[in-house]
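Contents: one structure, followed by commentary.
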Amino acid sequence: MSIVPSQVKVALLAGGTSGEREISLASAKGAGDALAQAGFSYTQLDPAQRGDLAALLEGDFDIAFLCLHGRGGEDGSIQGLLETIALPYTGSGVWSSATAMDKAKAKVFYREGGIATPQSSTLFRGEQVDVDAIMESLGGHVVVKPGTEGSALGVSICEGGEEIAEAAEKAFAIDEEVVFESFVEGTELTVAVLGNEEPQALPVIQIIPQLGEFYDFESKYAAGGSKHLCPAPLTEEQTSRAQQAAVAAHKALSCRGMSRTDMILDGKGICWVLETNTIPGMTETSLLPEAGRAAGKSFPQLCTELIELALE
């Protein structure tokens, strides 16, 4: 659908109470500038503030543009509120947001959709961490991650029982659920997808961490933390496989509007899907806007398209 930006009143939601609050506010700065350039009138509101929640409920907004990351913003919570007050919003719905945020549950739907994803096991707080059983089923080289956090918070790549036990303790310190996953050697890729019923993949991005072994929190957000190659230097077949995997993940989780799926391309050409982000970062240098530019979409055009998809 085509809209007239000057006639659309936007509530830009950012901040929140998750561990990604500062990243959310940075996303809002980038998206807000892009929305203004596109001609939209917007009001930035923080769901962590009662007054801002009241303004959201009482305002005459046409749409909520979500720049919330992590718990409370990307997990279906705010989406449920917006559904209740019948305010359209960018991105995926309640179920899709909650499922994508829970890494173990997302894997169930990846597998049902025939999508390759690393073998894993899940433990909940209070359950015994049987390191020997974990290594027997997943091998000695294991990725340990909080089950419902984003931005690689608390993620560790471990070799051997002692490291796995330490990483599990670290992950349980910030989450009730911890996922143990077989480590896959290969090239780190991420692929953004736009669309509702007929989603389309944007150009593939290769991520080369500069500060550590993998694309962790510091690599994501520290200056010079990572190098991005977009489009990724892949063969036509590799590019197609990565894009097909991202679209398949988008569909498997019933995503709408946008998603960004992280994956590892191994030496045999298999794309192993790790997780799907339903509200990717929206700073000027974030991965979704970067992929959009590679596809010929400016940041203001991308934000406009996300609003159009939400209002379909």
Side-chain angles (χ1 to χ4, degrees), residues 1-16 23-49 51-69 73-74 78-94 96-97 192-203 205 230 250 255-260 277-312:
M1 66 179 298
S2 182
I3 59 174
V4 179
S6 61
Q7 297 177 0
V8 179
K9 191 174 180 183
V10 179
L12 177 61
L13 302 190
I23 310 305
S24 169
L25 293 172
S27 280
K29 174 66 171 67
D33 290 346
L35 287 168
Q37 289 177 47
F40 291 96
S41 170
Y42 74 89
T43 300
Q44 185 168 330
L45 300 172
D46 185 349
Q49 305 297 323
D52 282 10
L53 275 177
L56 177 65
L57 295 172
E58 297 165 4
D60 58 346
F61 298 105
D62 298 303
I63 189 165
F65 194 103
L66 302 187
C67 282
L68 293 160
H69 305 310
E74 203 169 352
I78 195 71
Q79 289 81 1
L81 171 64
L82 296 170
E83 293 279 355
T84 301
I85 64 174
L87 181 63
Y89 53 90
T90 55
S92 295
V94 176
S96 299
S97 300
V193 173
L194 296 178
N196 294 330
E197 278 69 37
E198 298 180 2
Q200 302 291 319
L202 294 178
I205 298 177
C230 184
H250 186 95
C255 294
R256 291 182 60 82
M258 61 183 162
S259 70
R260 203 198 75 235
N277 303 276
T278 53
I279 305 182
M282 292 293 284
T283 70
E284 182 68 37
T285 57
S286 292
L287 295 163
L288 174 58
E290 184 175 351
R293 284 192 295 273
K297 302 174 189 286
S298 69
F299 200 2
Q301 287 173 332
L302 174 64
C303 290
T304 301
E305 185 171 344
L306 292 176
I307 289 177
E308 289 174 342
L309 287 167
L311 293 174
E312 274 190 358

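Here the structure is a predicted model, which is why all the values come from computation and not from measurement. Note that these values count all heavy atoms, side chains included, but never hydrogens, waters or copies made by symmetry. Here, residue 1 is the first one in the sequence, and each next residue gets the next number.
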Results of side chain to side chain contact (heavy atoms under 4.5 Å, CB included) for [X] - residues two or more places apart only:
| X | value |
| --- | --- |
| P5 | F40 |
| S41 | none |
| L57 | L81, I85 |
| T283 | A26, S27, T285, S286 |

Roughly how far, to the nearest 0.5 Å, is the [atom2] atom of [Y] from the [atom1] atom of [X]?
| X | Y | atom1 | atom2 | result |
| --- | --- | --- | --- | --- |
| L87 | I63 | CG | CD1 | 7.5 Å |
| S24 | L66 | OG | CG | 9.5 Å |
| Q79 | L68 | CD | CG | 8.0 Å |

Sequence neighbours excluded - salt bridge (charged side-chain N to carboxylate O under 4.0 Å, His left out) pairs with any residue from residues 27-38: K29-D33

Side chain to side chain donor-acceptor pair (under 3.5 Å) partners of residues 83-92, not counting sequence neighbours, each pair once: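 Matches after skipping sequence neighbours: E83-Y89.
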
Residues in salt bridge (charged side-chain N to carboxylate O under 4.0 Å, His left out) contact with D52, at least two apart in sequence or another chain: none

Non-neighbouring partners of E290 that pass salt bridge (charged side-chain N to carboxylate O under 4.0 Å, His left out), sequence neighbours left out: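 For E290, no residue satisfies salt bridge (charged side-chain N to carboxylate O under 4.0 Å, His left out) once neighbours in sequence are set aside.
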
Donor-acceptor under 3.5 Å (D46 side chain, L13 main chain): no

Under 3.5 Å donor-acceptor pairs involving side-chain atoms of residues 293-303, not counting sequence neighbours:
{"residue": "R293", "atom": "NH1", "partner": "E284", "partner atom": "O", "Å": "3.1"}
{"residue": "R293", "atom": "NH1", "partner": "E284", "partner atom": "OE2", "Å": "3.3"}
{"residue": "R293", "atom": "NH2", "partner": "E284", "partner atom": "O", "Å": "3.2"}
{"residue": "K297", "atom": "NZ", "partner": "E305", "partner atom": "OE1", "Å": "2.8"}
{"residue": "S298", "atom": "OG", "partner": "Q301", "partner atom": "N", "Å": "3.2"}
{"residue": "S298", "atom": "OG", "partner": "Q301", "partner atom": "OE1", "Å": "3.3"}
{"residue": "Q301", "atom": "OE1", "partner": "S298", "partner atom": "N", "Å": "2.8"}

Checking [X] now: which residues fulfil side chain to side chain donor-acceptor pair (under 3.5 Å) with it, not counting sequence neighbours?
| X | answer |
| --- | --- |
| E197 | R256 |
| T304 | none |
| Q37 | none |

Minimum side-chain heavy-atom gap [X]-[Y] below 4.5 Å:
| X | Y | answer |
| --- | --- | --- |
| L12 | M282 | no |
| P280 | L287 | no |
| E74 | N277 | yes |

Shortest non-hydrogen separation from A28 to A14 and the atoms involved: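 In this case the closest contact between A28 and A14 is CB-CB, 3.3 Å.
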
